[in-house]
Amino acid sequence: MDRLVATGTKLDEPFRPLMEGAPVQRTTIIGLGLLALLGCTPATAADLSTTIASMTEPAQGAYTFLHEHPELGKKEFKAQTYLEDALKQFGFTEFIASTEAPTAVIAILDSGRPGPTIALRAEMDARPLERNAVEPTSHMPRSQIDGLMHNCGHDIHASILLGTAGILIANKERFSGKIVFLFQPAEETPGGADDIVHEKILERLGVKAIFAEHVAPGMPIGTIGIAPDFALAGSNYFHLKIKGRGSHAAAPNEGSDTPLVAARMAIELSEYPARHLDIANKPVVISVTQFLADGNAGNVIPADADVSGTIRSFENISLGENGEPSLEQKLDLLVSRMASEAGVNYDWAVRPGAPATRNDPALFEQIIAPLGRTWPGMLDTHPGRGMFSEDFSYYTGVMPALYFSIGVSKDGRGLAGVHTKEFDAHPDIFAHGLRLMTTLAVIGTAGKMDWQ
Ligand SMILES: [Zn+2]
Ligand SMILES: [Zn+2]
């Protein structure tokens, strides 16, 4: 990444000037890698490892472009053009359009031999930073758009998947059947994977299994984690609107003191799992992420307040067990009781996010032994559970799927968490990511794996 520092010249159409031979500053970096890529002739059996190694620089070049041009969900227009153009330069000719997720890039690679169809998936979208935050100036490459950043690593996943496509089209003899390269928009917002699933695109293509990786800050480079069952929690989002009576700040007794009521509710909601639920066996995390109460002056207590946040769990929070109210109902009861005591009205709404991501145990068994034989680093088959959530879960709900974590930490880099502006990854991630995705494609289609 450091040695691929961009010159800062913006380029809306990254490939075209290169193809026309125009001297464009930015493309020199990206383009040199791609020319090397284009120069890749079909590899022989012995040199697949070499091909993978040769693809790391082009993958880094793609990463540089994507990282510098972050785009929000369903607006990944530059990423779409970049990825599509690169795939066409590799020789891809078969693309499927999505009407519900129109910025998706879905490319199909046919080995020409009978075999299963599998999909490899990466995301395309970036994220808004916290209010007034920008990516640290020490980062290279760095977002060129204030307030937006690829701080969930989706640029890394997409550039690795692009490089994997370049490797596999030059090595068709190494796999059977077909591989679908799915560059999916809008993982961070509604309407990415759920749209692809709703549109039945993978179903129509006959996809039998799907694989994805996600960067894992703090996990050492060379380590991959794969759970045999549940991999990630499901998410729900709540919004609590409290409606009370305002007053002069000097006389809180004349109003409902709504900000204080909201603060108490925020604390009770956040602490609820630890004190009222069996979190040792069924983990639940409730976090308040937005708190708004604005009197627009230092001496006014506002009438209303808003508290929003997320509920994470592996179970469905709308379903109660053994005749008990569901978690969603319990929280509504908590808020109702507190609102009644405080003499305020309220609206309580829960919007479902992605369900829990559940790996397929049979596919896990099929993949894990050959992967263990070929993976040169640490393969952790019992990774600790986190409460993160992913829209990859929509695929896991309709077909066998595996979701891998891959380490990005080395030499002090790759330690900051995703969704923070400090997030980064050690550049060795590209070589490891290419190896993982290529291996999954070959094993997943039961192709030859004699290149170790
Ligand atoms: Zn994320
Ligand atoms: Zn992510």
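One-based numbering, in listed order, for ligands and for the atoms of each. Because the structure is predicted, anything quoted here is derived from the model rather than measured.
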Can you tell me, to 10 degrees, how wide the angle at the Zn ion (ligand 1) is between OE2 on Glu188 and NE2 on His419?
100°

Check whether the side chains of Asp332 and Tyr346 place a donor and an acceptor atom closer than 3.5 Å, and report yes or no.
yes

In His214, what N, O or S atom is nearest to the Zn ion (ligand 2), if we give its atom name?
NE2

Using a strict 4.0 Å threshold on nitrogen-to-oxygen distance, state whether Arg142 and Glu135 make a salt bridge.
no

Between Glu321 and Lys282 (salt bridge meaning N to carboxylate O under 4.0 Å), is one present in this structure?
yes

Yes or no on side chain to side chain contact (heavy atoms under 4.5 Å, CB included) for Tyr237 and Ile311, after CA distance, side-chain angles and deciding distance?
CA-CA 6 Å; Tyr237 296 89; Ile311 306 163; over 6 Å; no

With a cut-off of 2.8 Å, does Cys152 place any N/O/S atom under that distance from the Zn ion (ligand 2)?
yes

